Amino acid sequence: MATSAETRVFLEVRRRLQSALLILGEPKGLLMDISITPSSLQLKTPEGCTEIWLPAEVRLVPSSCRGLQFVPGDGLHLRLQAQAESCTKPISMFNQSSQAKGCCTFYCQSCGDVIIKDRKLLRVLPLPSENWGSLVGEWCCHPDPFANKPIHPQENDCFIGDSFFLVNLRSDLWQQRPELAPVKMPCLSSENHLKLKPKANTKVICKHCKVTLGEAMSSETIKFYVTEIMIQPSERNFPIIPRSQFVQSVIAQCLVDLSSARSTFRFSIQGHDGKAYVLLWLLNSDSLVVESLGSSKSITKFPLLDDASKVKSSSAWNAVKVLYQPCISSRDEKLVSSWESDLSVHSLTLPSATCLELLLILARNNTTLPPSLRCMNSFQVAFLKM
């Protein structure tokens, strides 16, 4: 018997508001009877019946349904009260500082190669904001004692920035270091011929997969980007995290942390070459999103923002909702310039390749949304899975 195989179900639950937006895509040419219970949805058509079981952490309040409307291209929209428990833990650079203050191993996230082995971290400290020097000058009545003195970690230190962390490699002289690749910059010689000369800083790349991991700030200090390195306790197994999921989670956590600490909600994602790749506007960080493609009579799998074949049954995911604008054409220059001159916009620097990855992730996630949710004003909408 045929079923409502083409029915799409999209559910966004806002934990703080205890509300949910439910969108049911209606099969063309068929009438549908919809039944909502606290833990499931039942869709009946003349051709069959489909029952969709919600994840255990999601509970709906059927009697609170309101705002019922049909949106062409989407299907049936309605809002109702809902409750959702947090179901996933964000991917942390250190899996909490208590675990970091032991023996840790640094891995390349892309290929799993060991970058630094068995590092004992005694101090894991956050770095001040990039404007801390000017603030010291404003508050001190005497000359700034820290002027022109960069902050470098000592042995067994790790300093955490907005999108990077600094590590001292002095104690790792006996180990095989990550590869240093000089950055070539164009210059004009006396004969007016174009030549290349090394830049002051050098890129740090993985010897195995050649991915850019960071850059050398001095002969002893390396800056690793948070999207390129995984730090795990030594001698402990850990699951392999797909690249897309890792990038989404780390960037989403950066946005949440910065918005909470600095009350900033607009971000410019820049490559290490200084070019802006995408503008992000954080809308909310308390969403739990569930999506079903309606592919069987009894549905428990919800492919959210990733490969459906890898999603476990009865799953839902925490996500941050963002507006984004790619900066890939000349017509975006005016918007980029206005954001960069705005003090409320915070810049995050990542490897250029990762910026392109993020653009692809945002574009893919945008296409999974119902058509009416994909745009807001002149921005596009996406969820980043945590």
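Numbering of residues begins at 1 and proceeds along the displayed sequence. Keep in mind the model is a prediction, meaning the values are calculated, not measured. These numbers come from the heavy atoms of this one structure, side chains and all, not from hydrogens, waters or symmetry mates.
Rounding to the nearest 0.5 angstrom, the gap separating the CD1 atom in I34 from the CG atom in L68 is 7.5 Å. For the atom pair CG (D162) and CG (L255), the distance works out to 11.0 Å, reported to the nearest 0.5 Å. Annotation: the span from Q248 atom CD to T227 atom OG1 amounts to 13.0 Å, rounded to 0.5 Å. Separating the CD1 atom in I222 from the NE2 atom in H152 is a distance of 11.0 Å, to the nearest 0.5 Å. Taking CG of L121 as the reference point, atom SG of C158 lies at 6.0 Å (rounded to 0.5 Å). Atom CG of L166 is separated from atom OG of S218 by 9.0 Å, given to the nearest 0.5 angstrom.
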Criterion salt bridge (charged side-chain N to carboxylate O under 4.0 Å, His left out) on E228 and R243, from CA distance to verdict
CA-CA 9 Å; E228 313 308 316; R243 175 68 180 166; 3.1 Å; yes
List the steps and the verdict of side-chain contact (heavy atoms from CB on, under 4.5 Å) for C206 and S110.
CA-CA 9 Å; C206 175; S110 296; over 6 Å; no
Please step through side-chain contact (heavy atoms from CB on, under 4.5 Å) for the pair L350 and I251, ending with a clear verdict.
CA-CA 10 Å; L350 299 171; I251 293 179; 4.0 Å; yes
Output, in order, the C-alpha distance, side-chain angles, deciding distance and verdict of side-chain contact (heavy atoms from CB on, under 4.5 Å) for L22 and L41.
CA-CA 10 Å; L22 177 62; L41 305 172; 3.9 Å; yes
Trace of the side-chain contact (heavy atoms from CB on, under 4.5 Å) decision for L169 with E220
CA-CA 5 Å; L169 293 186; E220 296 177 351; 5.8 Å; no
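Using a 4.5 Å cut-off on side-chain heavy atoms (C-beta onward), L283 and V320 make no contact. Here the side chains of S285 and R16 are in contact, with some heavy-atom distance below 4.5 Å. Between L358 and Y324, every side-chain heavy-atom pair lies at or beyond the 4.5 Å cut-off. Counting only heavy atoms from C-beta outward, the side chains of C111 and V211 never approach each other to under 4.5 Å. Two residues are said to be in side-chain contact when any heavy atoms from C-beta on lie closer than 4.5 Å; Q380 and P326 meet this criterion. Side-chain contact between L258 and L348: present, with at least one pair of heavy atoms (C-beta onward) separated by less than 4.5 Å. S244 has its side chain within reach of R364: a pair of non-hydrogen atoms, C-beta onward, lies under 4.5 Å apart. Side-chain contact between L122 and D157 is absent, with no heavy-atom pair separated by less than 4.5 Å.
Between K44 and E51 there is no salt bridge, since no side-chain nitrogen of the basic residue lies less than 4.0 Å from a carboxylate oxygen of the acidic one. Between D286 and R15, none of the side-chain N atoms (NZ, or NE/NH1/NH2) sits under 4.0 Å from a carboxylate O, so this pair counts as no salt bridge.
Taking the six-membered ring where the residue is Trp, H346 and F267 present perpendicular rings, their angle passing 60° and hence far from 30°. Aromatic ring orientation, F379 versus W281: perpendicular (interplanar angle above 60°, classes split at 30° and 60°).
Under a 3.5 Å cut-off, the side chain of N168 and the backbone N or O of P153 do form a donor-acceptor pair. A distance-only check finds no donor-acceptor pair linking the side chain of H272 to the backbone of T349 [under 3.5 Å]. Between the side chain of R123 and the backbone N or O of N156 there is no donor-acceptor pair closer than 3.5 Å. Of the possible donor and acceptor atoms, none in the side chain of S260 sits under 3.5 Å from a partner among the backbone N and O of V256. Distance alone, capped at 3.5 Å, is enough to place a donor-acceptor pair between the Q109 side chain and the I241 backbone.
Looking at residues two or more places apart in sequence or on another chain, you find a side chain to side chain contact (heavy atoms under 4.5 Å, CB included) between V61 and S63, S64, Q81.
Applying the 6.0 Å contact sphere to CG of N377 captures no more than 12 heavy atoms from other residues, nucleotides or ligands. For R14, the CZ atom is densely surrounded, since the number of other residues' heavy atoms within 6.0 Å is greater than 12. For H77, the NE2 atom is densely surrounded, since the number of other residues' heavy atoms within 6.0 Å is greater than 12.
In the model, S249 has no side-chain atom that pairs as donor or acceptor with a side-chain atom of Q253 under 3.5 Å. A side-chain N or O of R266 and one of S344 form a donor-acceptor pair less than 3.5 Å apart. In this structure, a donor-acceptor pair under 3.5 Å is present between the side chains of S234 and T105.
One hydrophobic cluster, built from ILVMFWY side chains closer than 4.5 Å, holds both M376 and W339. Cluster membership for I229 and V114, using ILVMFWY side-chain heavy atoms within less than 4.5 angstrom, is shared. No chain of hydrophobic side-chain contacts below 4.5 Å, direct or via other Ile, Leu, Val, Met, Phe, Trp or Tyr residues, connects L279 to L360. I269 and I328 end up in the same hydrophobic cluster when Ile, Leu, Val, Met, Phe, Trp and Tyr side chains are linked at under 4.5 Å. Placement of L17 and V13 in two distinct hydrophobic clusters is found when ILVMFWY residues are connected by side-chain heavy-atom separations under 4.5 Å, directly or transitively.
Closest of all the heavy-atom pairs between S287 and E12 is OG-OE2, 2.9 Å. Of all heavy-atom pairs spanning L60 and P62, the tightest one is O-CD, 3.4 Å. The two residues F70 and L76 have their closest heavy-atom pair at CD1-N, 4.1 Å. In this structure, A20 and A82 approach most closely via the heavy-atom pair CB-CB, 3.7 Å. Across all their heavy atoms, Y107 and G112 have their closest contact at CD2-O, 3.5 Å.
Within the cation-pi definition used here (under 6.0 Å to the ring centroid, within 45° of the axis), K385 does not qualify as a partner of F383.
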